[in-house]
Amino acid sequence: MDFKEKGSAVADPFLEGVCLMGQVLGLAVGKPNEMDIGRNKTMMTGIGKEQVEEAMLRFAGFDGDASFDLKHHGGLDRSVCIFPKEHYSYFEEKFNRILLPGAFGENLTVSGLLEQDVAIGDVFQVGEARIQVSEARNPCATIGKYHFMPALFKEVRSTSRTGFLCRTISEGKIQKGDEIVRVRREADPISVAFCNEKVLHRMGKWEELERISQIEPLAARYRDEVLEKLRKMR
């Protein structure tokens, strides 16, 4: 795919329009637990969450929710994990298996918010809370281990059906069924899909990665990853 220059910035062909609205179809929270991963092995992980009707979102995440591997998960930049419900049918057909909401370790399973439509820095009102998209999710192998399906993790990554991560802008209660409405976006937005293509799949040219690194609301961890790629390209 060709990306055209627009002034000094790299234009993102994924994005169209500014109006975006979805709905919370699943809300899940959970604390880390020991999980059986086969071959007499276990691991601690927070991927196994329970569906709830409502939960209070704090700056550090939902009440009743936590991550175990704090190096790669959680933190103020990643208080909410969102995954599009539209992707479920693809994976269910691909693997001939029913997947329940929360199957990908997300807090919010939503309709109407696909990676090509959502940009880093987008602010959404959801229930009483406001959240801001901070990075494209880089899914980990725990997804495959949780379902005893290593190929599921590989398919999530290869198809860029990853979901995305958000920080909490204002705390508040979120309920299953709440609308999620975009209320603000950056003047020169870059989509989650663009980040996946250029960073996750390592297709980014210098100017594209530089543009991503300069997005002000980008999560610090993700920015460091992009800057490291730029350093290696020198």
request  = Return the set of residues passing side-chain hydrogen bond (donor to acceptor under 3.5 Å, both in side chains) with Asp224 (not counting sequence neighbours), or none when no residue passes.
outcome  = none

message = Could you measure the distance from the CZ atom of Phe164 to the CD atom of Glu115? Nearest 0.5 Å is fine.
response = 7.0 Å

ask   = In terms of side-chain heavy atoms, does Glu92 have a donor or acceptor partner in His87 at a distance below 3.5 Å?
value = no

inquiry  = Quick one, Thr162 with Asn196, criterion side chain to side chain donor-acceptor pair (under 3.5 Å). Give me CA distance, side-chain angles, the key distance, then yes/no.
reply    = CA-CA 8 Å; Thr162 61; Asn196 276 338; 3.1 Å; yes

query = Can you check side-chain contact (heavy atoms from CB on, under 4.5 Å) on Lys176 and Glu54, steps first, answer last?
reply = CA-CA 6 Å; Lys176 184 178 177 181; Glu54 63 179 48; over 6 Å; no

request  = Could you pull out all residues at least two apart from Arg231 that satisfy side-chain hydrogen bond (donor to acceptor under 3.5 Å, both in side chains)?
outcome  = Glu228

inquiry  = If the condition is side chain to side chain contact (heavy atoms under 4.5 Å, CB included), which residues does Lys205 pass it with, not counting sequence neighbours?
reply    = Glu207, Glu208

message = When you measure from the side chain of Ser191 to the backbone of Phe194, do you find a donor-acceptor pair of N or O atoms at a distance under 3.5 Å?
response = yes

ask   = Gln132 side chain to Gly121 main-chain N or O, any donor-acceptor pair under 3.5 Å?
value = yes

ask   = Hey, what else clusters with Val181 if you join Ile, Leu, Val, Met, Phe, Trp, Tyr whenever side-chain heavy atoms sit under 4.5 Å?
value = Met21

query = Taking only residues two or more places apart in sequence or in another chain, which ones pass side-chain hydrogen bond (donor to acceptor under 3.5 Å, both in side chains) with Arg161?
reply = none

message = The criterion is side chain to side chain contact (heavy atoms under 4.5 Å, CB included); which residues satisfy it with Gln51, sequence neighbours excluded?
response = Ala28, Pro101

ask   = What pairs with Gln214 under side chain to side chain contact (heavy atoms under 4.5 Å, CB included), at least two apart in sequence or on another chain?
value = Glu210

query = Would you say Arg223's side chain and Ile215's backbone share a donor-acceptor pair under 3.5 angstrom?
reply = yes

task = Apply side-chain hydrogen bond (donor to acceptor under 3.5 Å, both in side chains) to Thr109 and list each qualifying residue two or more places apart in sequence or on a separate chain.
result = Glu106

query = Which residue pairs pass the ring pair (Phe, Tyr, Trp, His ring centres under 6.0 Å) test when at least one of the two sits in residues 197-234, sequence neighbours left out?
reply = none

Side-chain (Glu128) to main-chain (Gly172) donor-acceptor, under 3.5 angstrom = no

request  = Using atom types as modelled and distance alone, determine if a side-chain donor or acceptor of Asn96 lies under 3.5 Å from a backbone N or O of Glu93.
outcome  = no

message = For Ile190, is there any backbone N or O sitting under 3.5 Å from a side-chain donor or acceptor partner on Glu186?
response = no

Nearest non-hydrogen partners of Glu86 and Ser89, listed with the distance = O-OG, 3.3 Å

remark   = Correct closest heavy-atom pair for Gly163 and Val192 would be O-CG1, 3.9 Å

ask   = Has the side chain of Ser213 got a donor or acceptor atom that lies under 3.5 Å from a matching backbone atom of Val226?
value = no

message = Quick one about Arg157 and Asn138 (side-chain donor to acceptor, distance below 3.5 Å, no hydrogens or angles considered), yes or no?
response = yes

remark   = Taken in chain and number order and not counting sequence neighbours, the residues that satisfy side chain to side chain contact (heavy atoms under 4.5 Å, CB included) with Ser170 are Arg130

request  = Enter the distance from Arg182:CZ to Gln125:CD here, rounded to the nearest 0.5 Å.
outcome  = 14.5 Å

ask   = Can you tell me how far the CZ atom of Arg137 sits from the SG atom of Cys195, to the nearest 0.5 Å?
value = 15.5 Å

ask   = What is the distance from atom CZ of Phe153 to atom NE2 of His147, rounded to the nearest 0.5 Å?
value = 13.0 Å

key: Pairwise distance CD(Glu171) to OG(Ser79) - rounded to 0.5 angstrom   = 9.5 Å

note = Value for CD1 (Ile212) from NZ (Lys198), rounded to nearest 0.5 Å, stands at 8.0 Å

request  = Output yes when a side-chain donor or acceptor of Asp178 lies under 3.5 Å from a complementary backbone atom of Val24, and no otherwise.
outcome  = no

request  = Provide the closest heavy-atom pair for Val118 versus Val133 in the form atom of the first, atom of the second, distance.
outcome  = CG1-CG2, 3.6 Å

task = Quick one: which residue pairs count as a ring pair (Phe, Tyr, Trp, His ring centres under 6.0 Å) with a foot in residues 97-116, not counting sequence neighbours?
result = Phe83-Phe104, Tyr88-Phe104, Phe91-Phe104

inquiry  = Any side-chain to backbone donor/acceptor pair from Asp63 onto Leu57? Under 3.5 Å, distance only.
reply    = no

task = Show your working on side-chain contact (heavy atoms from CB on, under 4.5 Å) between Leu113 and Ile180 and close with a plain yes or no.
result = CA-CA 9 Å; Leu113 274 62; Ile180 177 167; 3.8 Å; yes

request  = Please lay out, stage by stage, how Asp122 and Arg184 fare under the test salt bridge (charged side-chain N to carboxylate O under 4.0 Å, His left out).
outcome  = CA-CA 6 Å; Asp122 280 358; Arg184 192 174 79 235; over 6 Å; no

inquiry  = Under the ring pair (Phe, Tyr, Trp, His ring centres under 6.0 Å) definition, can you give me all pairs with a residue in residues 120-141, not counting sequence neighbours?
reply    = none

